[in-house]
Amino acid sequence: MKNRSKYQHQFEVQEESELLSFLYKHLNQGRNRTKAMLTRGQIVVDEQVETRYNRIVKVGQSVAILKHAITKQVKQEIEIIYEDEHLIVINKASGLLTIASNKEKQETAYRYLMNYVKQQHPSNRVFIVHRLDRETSGVMVFAKTEAVKVMLQDNWKEMVKKRTYIAVIEGVLKSEKQTLVSWLKESKTHKMYASSKDNGGQKAVTHLKQKATNKKYTLIELELDTGRKNQIRVQLESMKKPIIGDKKYGSSVNPIHRLALHANVLSFQHPITKKTMHFQVEAPEAFYQLVKG
């Protein structure tokens, strides 16, 4: 009888460790390929797909490698990393709009996903919950019903447990950990600007942590308490530490030909099941190359 297992490999954990370290030890392959397997949803811990590289696996647990990734490439610019009857979570590429603009109606994440769900049934739809800037890549969630959209939007602050970004900025930070607090307003030219004092604008709070630096550029992690328009970009410009490739907000260099900003973690309470959903997509390798010594 043929082996019909859906797994390439199965391992039992003998010693507690981070999942990524465990995979390095047991798979004879490079870092990028291993992280890509996590991103694609190919790693299973105790029968549950796991995308977090820093997940702690404990003695007695099983770790398996699926033969085929569960993610779906809708378009080159969109990868579905999770889907159920209520929502879709994607990894959006840099350069793709979330929703139509005056200049672009069709080439958007919303339109691509709408076409995708309608292939399953003509009455299916998707609904926008939040947005990423066109130039920003990373994790986004879309609702599949209007009711789920409303639940997520009306309770976003309470339901989102963690939302972090990875960025590469010009120069070096004075402090490796900082909390940025400012008030944001939009000018008549649609550019956001920040004030350190309450000017009647929207309060924005971002926690910043340095991850690596080579004195020319610095790789940072940013965790959002608020989700204002262009929040990270305008706050970093106000510090005179603009994100690489962000000409609109003060950058004078663009070595990787894109904005060096990536939404890498989104953790939230599922509006229907109430379970905490955690999604993590590693920043592009080009970000890390920028801060090598």
Side-chain angles (χ1 to χ4, degrees), residues 3 5-83 88-94 136-141 162-168 209-214 217 219-223 256 258 260-267 276-293:
N3 179 11
S5 172
K6 61 185 176 180
Y7 300 126
Q8 283 182 22
H9 306 287
Q10 287 181 277
F11 308 100
E12 184 175 327
V13 179
Q14 304 293 332
E15 182 181 352
E16 184 174 312
S17 72
E18 279 196 350
L19 179 56
L20 189 59
S21 298
F22 179 89
L23 293 171
Y24 284 160
K25 184 177 178 181
H26 289 83
L27 300 176
N28 185 26
Q29 60 188 34
R31 163 184 159 169
N32 289 347
R33 187 176 172 192
T34 303
K35 286 189 171 182
M37 292 174 77
L38 280 160
T39 298
R40 292 196 302 264
Q42 227 172 323
I43 309 301
V44 175
V45 177
D46 287 347
E47 301 297 321
Q48 296 291 320
V49 172
E50 181 59 76
T51 60
R52 292 173 292 173
Y53 72 90
N54 58 352
R55 156 77 184 271
I56 301 299
V57 289
K58 299 183 178 180
V59 175
Q61 288 188 303
S62 68
V63 176
I65 317 300
L66 287 167
K67 289 179 179 176
H68 304 289
I70 63 163
T71 57
K72 302 166 189 173
Q73 199 84 30
V74 176
K75 285 277 186 179
Q76 185 177 355
E77 301 91 345
I78 289 185
E79 187 179 40
I80 293 175
I81 54 180
Y82 177 82
E83 180 179 6
I88 298 178
V89 181
I90 69 165
N91 177 23
K92 183 189 84 69
S94 174
T136 304
S137 56
V139 185
M140 290 185 69
V141 59
K162 190 172 185 180
R163 192 177 178 194
T164 67
Y165 289 71
I166 298 294
V168 183
K209 184 191 302 180
Q210 178 176 302
K211 306 293 284 185
T213 185
N214 62 3
Y217 303 131
L219 182 82
I220 58 174
E221 179 184 88
L222 303 116
E223 184 168 356
I256 58 173
R258 60 156 290 181
L261 181 62
H262 176 81
N264 73 315
V265 171
L266 180 61
S267 181
T276 297
M277 312 293 288
H278 183 97
F279 302 98
Q280 181 161 344
V281 176
E282 280 298 306
E285 185 65 25
F287 284 30
Y288 298 95
Q289 292 295 328
L290 283 169
V291 293
K292 281 196 169 180

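Small disclaimer: the values here were computed from a predicted structure and weren't measured.
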* **N91 side-chain N/O to V139 backbone N/O, donor-acceptor pair under 3.5 Å** => no
* Asked: Between the main-chain N or O of K162 and the side-chain N or O of H278, is there a donor-acceptor pair closer than 3.5 Å?
  -> no
Atom [atom1] of [X] and atom [atom2] of [Y]: how far apart are they, to the nearest 0.5 Å?
X	Y	atom1	atom2	value
I56	F22	CD1	CZ	12.5 Å
Q42	T34	CD	OG1	10.5 Å
L266	M140	CG	CE	9.5 Å
L20	K25	CG	NZ	14.0 Å
Y217	K292	OH	NZ	16.0 Å
R163	L222	CZ	CG	12.0 Å

* **P284 side chain near H262 side chain, heavy-atom distance below 4.5 Å** => yes
* Heavy-atom side-chain contact between L27 and H9 under 4.5 Å -> yes
* Asked: Under the side chain to side chain contact (heavy atoms under 4.5 Å, CB included) criterion, do V44 and V63 qualify, and how do the steps go?
  -> CA-CA 6 Å; V44 175; V63 176; over 6 Å; no
* Between the side chains of Y288 and E282, is a donor N or O closer than 3.5 angstrom to an acceptor N or O? -> yes
Minimum heavy-atom separation for [X] and [Y], please, with both atom names.
X	Y	value
E15	V13	O-CG1, 3.4 Å
T136	A263	CG2-N, 4.3 Å
S137	S94	CB-N, 3.6 Å
F287	L261	CZ-N, 3.4 Å
E16	V59	N-CG2, 4.0 Å
E18	N54	OE2-CB, 3.6 Å

* For Q29 and M37, what are the C-alpha separation, side-chain angles and deciding distance, and is it a side chain to side chain contact (heavy atoms under 4.5 Å, CB included)? -> CA-CA 11 Å; Q29 60 188 34; M37 292 174 77; 2.9 Å; yes
* Asked: Between V281 and N264, is a side chain to side chain contact (heavy atoms under 4.5 Å, CB included) present by the stated rule, with each step listed?
  -> CA-CA 5 Å; V281 176; N264 73 315; 5.7 Å; no
* Test Y82 against V141 for side chain to side chain contact (heavy atoms under 4.5 Å, CB included), laying out the working first. => CA-CA 9 Å; Y82 177 82; V141 59; over 6 Å; no
